Every structure is written in structure tokens, then in C-alpha cells.
Asks: 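Provided herewith is a single structure, encoded as C-alpha cells, for subsequent inquiry.
The structure presented is a predicted model; accordingly, all values stated were derived computationally and were not measured. For ligands, and for the atoms within them, numbers begin at 1 and follow the listed sequence.
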Amino acid sequence: MSAASASGTLDREWVAKQLVAESGDFLVVTGIGNTSSNVARAGDRDLNFYVMGAMGSAAGVGLGLALAQPTRPVIVVTGDAELMMNVGILATIGVQQPKNLSIVILDNEQFGETGQQTSHTAHGIDIAAMALACRFAGAVTVREKAQVAAVAVRTRQMNGPFLAVAKIRPGRSPSCIITKSGEEQKIRFRRALLGTR
Ligand SMILES: Cc1ncc(C[n+]2csc(CCOP(=O)(O)OP(=O)(O)O)c2C)c(N)n1
């Protein structure tokens with residue numbers, strides 16, 4: 001298969017801001033690398049949990065959280081390759097049907113963090129179609145700014161599971177050093193959510 005050039009034009013920092021700008025009680029989980037930096041820069045908050053080291057785990061963490069906290073919107077923001085590493089999670093989410101879970105993929109059609117190698121989505125692999133086949137209540141691919149606003153609204157509506165693929169420009173963004181360890185993040189998140197360690 002020949003290498004395809006990336007097709008997205010949305011700015012990843014801008015998309016992240018739209019998703020987390022409005023302060024609310026929603027819970028945010030992010031995937032390894034660039035997406036965590038984008039979301040942290042858009043607004044670090046105690047109800048953000050950055051899954052920094054475990055590629056393929058963000059949607060699973062989001063699912064567990066959504067099942068444990070069914071009255072709170074849970075938004076997973078992650079990369080296309082991060083999701084594809086454990087794509088079976090879409091089927092598990094489809095079985096569980098958490099209404100409060102949304103996944104937004106910042107899709108640059110690359111493994112941006114490790115050298116911009118071409119990823120599955122550059123070759124037409126359609127993550128939104130996979131989510132619909134896994135019985136998500138809604139799944140879209142967006143390329144325009146105006147569509148991103150609608151995605152942000154939908155992630156708060158609790159009529160999921162919902163997935164959006166946002167086609168962003170190729171490349172990576174400056175790292176935002178998240179200095180808290182996994183344990184410190186866990187304590188911060190649990191305190192904010194439950195008032196306990
Ligand atoms: C199990 C595992 N394999 C590989 C890596 C190395 N790795 C870190 S980030 C990354 C690419 C992530 O790509 P994507 O999720 O599309 O996000 P992008 O960097 O393009 O924004 C890879 C391969 C890892 N951390 N863990």
C-alpha cells in the first residue's frame with residue numbers, strides 16, 4: 001500500500017480548547033503524548049486525568065470511569081494510533097453502552113509523537129465507521145471548525161456512547177511537561193471527584 005498524505009487541516013490545540021474550554025463537572029481522560037499536552041495547555045484541572053504512559057489504555061480508563069460515575073459526562077481525548085492500539089475497546093464499549101461516554105480522536109493520520117510515521121487512518125481506515133459497527137449511539141468524522149463546536153456540545157449530552165474523529169493537521173505539538181506522577185494525578189482526581197484519596 002502506498003503512503004498517503006495526511007488529509008486534515010484542523011489545529012489540534014484549537015480543537016482541544018473547544019472540547020475542554022467550558023468549565024463543568026465533566027471528567028476528561030487523555031491518551032499518551034500530544035493529546036495530553038494539548039488538553040493540559042487548554043486548561044489543566046483536577047478533573048483531568050492524563051494517561052501518559054500506557055498507549056492503548058485511555059478509552060478503557062474512560063469506560064471504567066463512565067460506568068463508575070454514570071451521572072457525569074466522561075470525555076476521552078486521544079490520538080488515532082493510541083485508539084487503534086487497542087481498538088477492541090470499541091466493542092467492549094458497545095456491549096456496555098455507557099450513555100455518558102464520549103471519545104474524541106485527534107486524528108493526524110500519523111504516529112506523531114514517535115516520528116510522524118503514517119498510521120492506519122492515512123490509508124482510509126475509518127474509526128467512526130468502526131464505532132457505529134460497535135453500536136455507538138453516534139459517530140462522526142469532522143473536518144470543519146463549525147462541526148467541532150457541535151461535537152463539544154454532544155459530548156455533554158449524555159446520549160452516547162459517542163465518538164468523533166477530528167481530522168487535524170499532520171505533525172506534533174510542543175510537549176507540555178505534566179510533572180505529576182500517575183499516583184499524584186490519581187490522588188488529585190479522586191479528591192476532586194470523591195473528596196477522598
Ligand atoms: C505499547 C507502546 N508502543 C509504542 C509506544 C510509543 N509511542 C508513544 S506515542 C506513540 C504514537 C502515538 O500516536 P497517536 O496516538 O496517533 O498520537 P500523535 O502522537 O500522532 O498525536 C507511540 C508509537 C508506547 N508508548 N507504548
Asks: Can you give me the closest heavy-atom contact between N34 and G112, atom names plus distance?
Replies: ND2-C, 4.2 Å

Asks: Parallel, tilted or perpendicular for H120 and F111, by the 30°/60° rule?
Replies: tilted

Asks: How far apart are the C-alpha atoms of V51 and E82, what are their side-chain angles, what is the distance that settles it, and do they pass the side-chain contact (heavy atoms from CB on, under 4.5 Å) test?
Replies: CA-CA 11 Å; V51 183; E82 199 279 337; 5.7 Å; no

Asks: Rounded to the nearest 0.5 Å, how far does CD1 of I125 lie from CG of D107?
Replies: 11.5 Å

Asks: Heavy-atom distance under 4.5 Å between the side chains of F162 and V151, does that happen here?
Replies: yes

Asks: Would you mind checking if D44 and K180 are paired as a salt bridge, meaning a charged N to carboxylate O distance below 4.0 Å?
Replies: no

Asks: Tabulate distances under 3.5 Å between N/O atoms of ligand 1 and N/O atoms of the protein, writing both atom names on each line.
Replies:
unit_1: ligand 1; atom_1: 15 (O); unit_2: E82; atom_2: N; d: 2.8
unit_1: ligand 1; atom_1: 16 (O); unit_2: D80; atom_2: OD1; d: 3.2
unit_1: ligand 1; atom_1: 16 (O); unit_2: A81; atom_2: N; d: 3.0
unit_1: ligand 1; atom_1: 16 (O); unit_2: Q110; atom_2: O; d: 3.0
unit_1: ligand 1; atom_1: 19 (O); unit_2: N34; atom_2: ND2; d: 2.9
unit_1: ligand 1; atom_1: 19 (O); unit_2: G112; atom_2: N; d: 3.4
unit_1: ligand 1; atom_1: 19 (O); unit_2: E113; atom_2: N; d: 2.7
unit_1: ligand 1; atom_1: 20 (O); unit_2: N108; atom_2: OD1; d: 3.1
unit_1: ligand 1; atom_1: 20 (O); unit_2: N108; atom_2: ND2; d: 2.9
unit_1: ligand 1; atom_1: 20 (O); unit_2: Q110; atom_2: O; d: 3.0
unit_1: ligand 1; atom_1: 20 (O); unit_2: G112; atom_2: N; d: 2.7
unit_1: ligand 1; atom_1: 21 (O); unit_2: R12; atom_2: NH1; d: 3.2
unit_1: ligand 1; atom_1: 21 (O); unit_2: R12; atom_2: NH2; d: 3.0
unit_1: ligand 1; atom_1: 21 (O); unit_2: N34; atom_2: ND2; d: 3.2

